[in-house]
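Taking it in order: structure first as structure tokens, then the write-up.
We number each residue from 1, following the sequence as shown.
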Amino acid sequence: MSKTAQKTNYYINGNTVRRLEGDQAERQRQEQERQQRKKRKERRRVARRNAERATRIDLSYVLFCTVALAAVCSVCITYIRLQSNITSRTRHISELESEIATLRAENDAAQKRIELTTDLDQIKEQALQYGMKYAAEDQIVYYTIEENDYMDQYFNIPTN
């Protein structure tokens with residue numbers, strides 16, 4: 001090959017300065033790097049814009065969150081009030097039941113005392129006037145009553 005037919009790797013800028021023109025592979029590599037930098041820069045810009053959008057709070061989102069929070073708070077407050085109401089009513093019911101039991105016991109005792117305080121002498125005189133007689137010794141059955149002032153009879157008295 002002759003010198004003139006040979007491809008040169010430099011170009012002439014004016015008549016005195018010579019610069020080497022880069023190799024074709026080197027130029028492609030530099031072009032790829034420049035494009036990669038450009039893509040990375042574009043990706044960063046898009047990512048930054050997406051991050052800014054994500055951090056921006058929309059008015060409708062704020063309103064939705066406010067309404068949801070108000071609903072949850074009202075439900076919680078209502079639940080607590082109902083629980084408190086149930087507890088106080090249960091306590092009141094138990095107090096009333098206790099009072100009813102006490103009053104029933106007092107009423108039963110008072111009724112038995114009233115029955116026992118009737119004038120037995122007057123009853124005896126009336127019975128004798130109608131022709132009743134005293135019981136014979138074999139007809140009398142004795143019972144003992146402990147710590148009570150009355151006795152309830154639930155069965156007939158045995159005839160032994």
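- Take A136 and apply the side chain to side chain contact (heavy atoms under 4.5 Å, CB included) test, not counting sequence neighbours, and it matches D138, Q139.
- Residue I86 holds its CD1 atom at 13.0 Å from CZ of R91, rounded to the nearest 0.5 Å.
- Judged as a side-chain hydrogen bond (donor to acceptor under 3.5 Å, both in side chains), and not counting sequence neighbours, D121 has no contacts.
- Here Q32 pairs with nothing under the side chain to side chain contact (heavy atoms under 4.5 Å, CB included) rule; sequence neighbours left out.
- For Y134, the side-chain hydrogen bond (donor to acceptor under 3.5 Å, both in side chains) test picks out K124, with sequence neighbours left out.
- Partners of R37 according to the side chain to side chain contact (heavy atoms under 4.5 Å, CB included) rule, which considers only residues two or more places apart in sequence or in another chain, are E33, R34, R40.
- With sequence neighbours excluded, no residue forms a side-chain hydrogen bond (donor to acceptor under 3.5 Å, both in side chains) with R104.
- Side-chain contact between K38 and K41: absent, with no pair of heavy atoms (C-beta onward) separated by less than 4.5 Å.
- Legend: residues meeting salt bridge (Lys or Arg N to Asp or Glu O under 4.0 Å) with R45, ordered by chain and number and at least two apart, are E42.
- For E97, there are no salt bridge (Lys or Arg N to Asp or Glu O under 4.0 Å) partners at least two apart in sequence or on another chain.
- Under the side chain to side chain contact (heavy atoms under 4.5 Å, CB included) criterion, E99 pairs with L96, L103, not counting sequence neighbours.
- Between L128 atom CG and E125 atom CD the span is 8.0 Å, to the nearest 0.5 Å.
- Remark: side-chain polar atoms of S84 are not paired, donor with acceptor, to backbone N or O of I80 under 3.5 angstrom.
- Put simply, NE2 on H92 and OG1 on T87 are 14.5 Å apart, with the number rounded to the nearest 0.5 Å.
- Separation of atoms CD (Q83) and OG1 (T78) is listed at 12.0 Å; rounding is to 0.5 Å.
- Taken to the nearest 0.5 Å, the CD1 atom of I114 stands 8.5 Å off from the CG atom of N107.
- From S98, atom OG reaches atom CD1 of I93 across 13.5 Å, with rounding to the nearest 0.5 Å.
- The number of heavy atoms from other shown groups lying within 6.0 Å of CZ (R49) is above 12.
- Remark: Q35 pairs with E31 by the side-chain hydrogen bond (donor to acceptor under 3.5 Å, both in side chains) rule, at least two apart or across chains.
- Listed by first and then second residue, the side-chain hydrogen bond (donor to acceptor under 3.5 Å, both in side chains) pairs involving residues 59-70 are D58-S60 (not counting sequence neighbours).
- E52 meets the salt bridge (Lys or Arg N to Asp or Glu O under 4.0 Å) test with no other residue; sequence neighbours excluded.
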